[in-house]
Protein chains: 2
Amino acid sequence: MDNRGISQAVIRRLPRYYRYLGELLENGVERISSNDLSKRMKVTASQIRQDLNNFGGFGQQGYGYNVKYLYTEIGKILGLEEDHKIIIIGAGNLGQALANYAAFEKRGFILTGIFDVNPRLEGVAIRGVPIRMMDELKSFVQKNDVEIAVLTIPKEKAIEVANMLVENGVRAIWNFAHTDLNLPDNIIVENVHLSESLMQLSYNISRYNEDQRKKGKN
Amino acid sequence: MDNRGISQAVIRRLPRYYRYLGELLENGVERISSNDLSKRMKVTASQIRQDLNNFGGFGQQGYGYNVKYLYTEIGKILGLEEDHKIIIIGAGNLGQALANYAAFEKRGFILTGIFDVNPRLEGVAIRGVPIRMMDELKSFVQKNDVEIAVLTIPKEKAIEVANMLVENGVRAIWNFAHTDLNLPDNIIVENVHLSESLMQLSYNISRYNEDQRKKGKN
DNA sequence: TAGATTGTTAATCGATTAACAATC
DNA sequence: TAGATTGTTAATCGATTAACAATC
């Protein structure tokens with residue numbers, strides 16, 4: 001199994017396969033063909049088979065795919081079998097929303113620390129994890145072998161905090177701040193730019209409206 | 001200006017251009033060449049020019065692009081010049097985080113209503129907008145010409161609520177529920193699947209770790 | 001065995017990059 | 001005018017889809 005050169009397009013689709021397979025599993029479905037799955041997911045069967053064969057031959061001719069097996073294998077590929085220590089920087093509503101996300105633990109993301117600047121939040125616990133003050137962050141990261149940091153802080157602070165975290169051993173950043181981070185190549189960054197997502201929505205509305213106007217004219 | 005057939009790849013990049021131009025504007029930069037911008041954004045100058053020319057010729061040979069003009073034009077393309085009435089379904093941490101997102105209003109997204117099932121939240125106001133109970137939702141949507149609904153509710157409820165909203169005139173859904181909605185083609189859906197984003201991060205960590213192990217062997 | 005469905009190669013389609021004439 | 005930089009065409013690259021032999 002050689003994972004090199006797998007495009008981000010494929011990787012973006014993997015979690016969606018995983019979700020659909022999880023639902024099939026819950027519904028007691030034992031096997032599924034790429035054709036069946038393609039109809040449910042509204043993608044081509046070809047794409048499913050191509051995507052999966054990047055990682056190995058998980059199916060069987062004449063039978064299809066065993067749901068449970070494929071679910072487990074994709075879970076492995078996604079790294080959900082290993083534990084990941086994760087901390088959240090910024091305990092505002094968004095930070096708290098993520099901290100409370102229960103499926104975290106199930107998937108191996110171990111919430112290890114929460115940090116904020118607001119002294120009124122000090123010691124308040126979310127899912128058993130107390131909120132700490134930002135001045136403890138550096139030594140906490142050094143001592144606790146933190147793998148992933150979630151940044152839910154304003155963009156003004158995000159860049160310097162990210163740099164500090166990376167210097168102290170954090171390997172990956174889940175970035176919700178409205179800025180790009182420009183970290184070294186060996187650091188994994190996954191951006192969630194909510195305002196950009198909303199603008200895409202807004203663009204699609206505008207375009208649709210325009211098309212309707214044009215249709216009206218013709 | 002013909003917007004038909006513009007790929008989602010281009011559309012995903014527009015908000016990022018908008019963000020960079022906004023920052024340049026704040027810093028008092030008057031003009032920028034595609035080459036300059038490409039270095040800041042880490043994309044090719046060719047791509048910037050191709051992307052922009054989908055919508056019109058905004059630049060000038062020998063000069064580049066006027067930052068303020070281009071910023072405004074991209075804003076128009078993204079539909080940020082028009083107002084969009086928006087409601088939030090689900091006033092948990094995530095719903096509240098989005099409700100409190102101050103830049104909303106600046107970009108023309110008018111928070112009009114917030115809804116939840118929890119009676120203890122009834123009447124609590126976020127940014128002046130009181131939380132209403134779910135049984136008021138249908139008539140509220142009918143009366144208030146709501147364009148966008150944000151779904152920050154569990155997936156079990158999301159599908160039926162989305163269908164109801166759409167039947168009552170909502171045009172677009174910003175979907176944070178962990179499910180696909182399968183709405184009619186004329187409805188705009190923008191999904192934010194946070195768990196899938198985290199899995200991509202996790203995949204990239206695993207793959208990097210594996211590469212390192214391989215390197216070690218050689 | 002016959003039917004079903006994969007894994008994989010080849011064909012197509014679309015997106016990105018390069019190149020350069022047009023022009024400010 | 002000379003230099004800079006766009007807008008746009010052509011070339012390349014990559015991703016998706018189609019087709020089918022292999023095989024369960």
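Chain naming here is simple, since letters A, B, ... match the order of the sequence lines and numbering starts at 1 in each.
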Quick check: does any side chain N or O of [X] sit under 3.5 Å from a backbone N or O of [Y], one acting as donor and the other as acceptor?
X       : Y       : value
T152(B) : G90(B)  : yes
E190(A) : W174(A) : no
R107(B) : S195(A) : no
R31(B)  : Y63(B)  : yes

Starting at atom [atom1] of [X], determine the distance to atom [atom2] of [N], rounded to an integer number of angstrom.
X      : N       : atom1 : atom2 : result
I32(A) : dA4(C)  : CD1   : P     : 17 Å
Q8(B)  : dA15(D) : CD    : C1'   : 17 Å
L70(A) : dT5(C)  : CG    : C1'   : 14 Å
N54(A) : dG7(C)  : CG    : P     : 12 Å
I11(A) : dA15(D) : CD1   : C1'   : 14 Å
N35(A) : dG7(C)  : CG    : P     : 14 Å
F55(A) : dT6(C)  : CZ    : P     : 18 Å
N66(A) : dT6(C)  : CG    : C1'   : 15 Å

Kindly assign one of parallel, tilted or perpendicular to the pair H84(B) and F109(B), based on the angle between their ring planes and the thresholds 30° and 60°.
parallel
Please verify the inter-ring angle class for H178(A) with Y101(B); under 30° counts as parallel, over 60° as perpendicular, anything in between as tilted.
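Rings of H178(A) and Y101(B): perpendicular, over 60°.
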E210(B) bridged to R207(B) by N-O distance under 4.0 Å:
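Salt bridge: no.
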In dot-bracket, 5' to 3', how would DNA chain D read with Watson-Crick or G-U wobble pairs under 3.5 Å, [ ] for crossing ones and | for pairs to another strand?
..||||||||||||||||||||||
Does R49(A) form a side-chain contact (heavy atoms from CB on, under 4.5 Å) with L37(A)? I'd like the steps, not just the answer.
CA-CA 10 Å; R49(A) 295 204 299 277; L37(A) 189 57; over 6 Å; no
Minimum heavy-atom distance A158(A)-T179(A), with the two atoms named:
CB-CG2, 4.2 Å
Expected string for nucleotides 16-24 of chain D under the B/S/- scheme (protein heavy atoms, under 4.0 Å, primed atoms plus P, OP1, OP2 as sugar-phosphate) is SBBBB-BBB
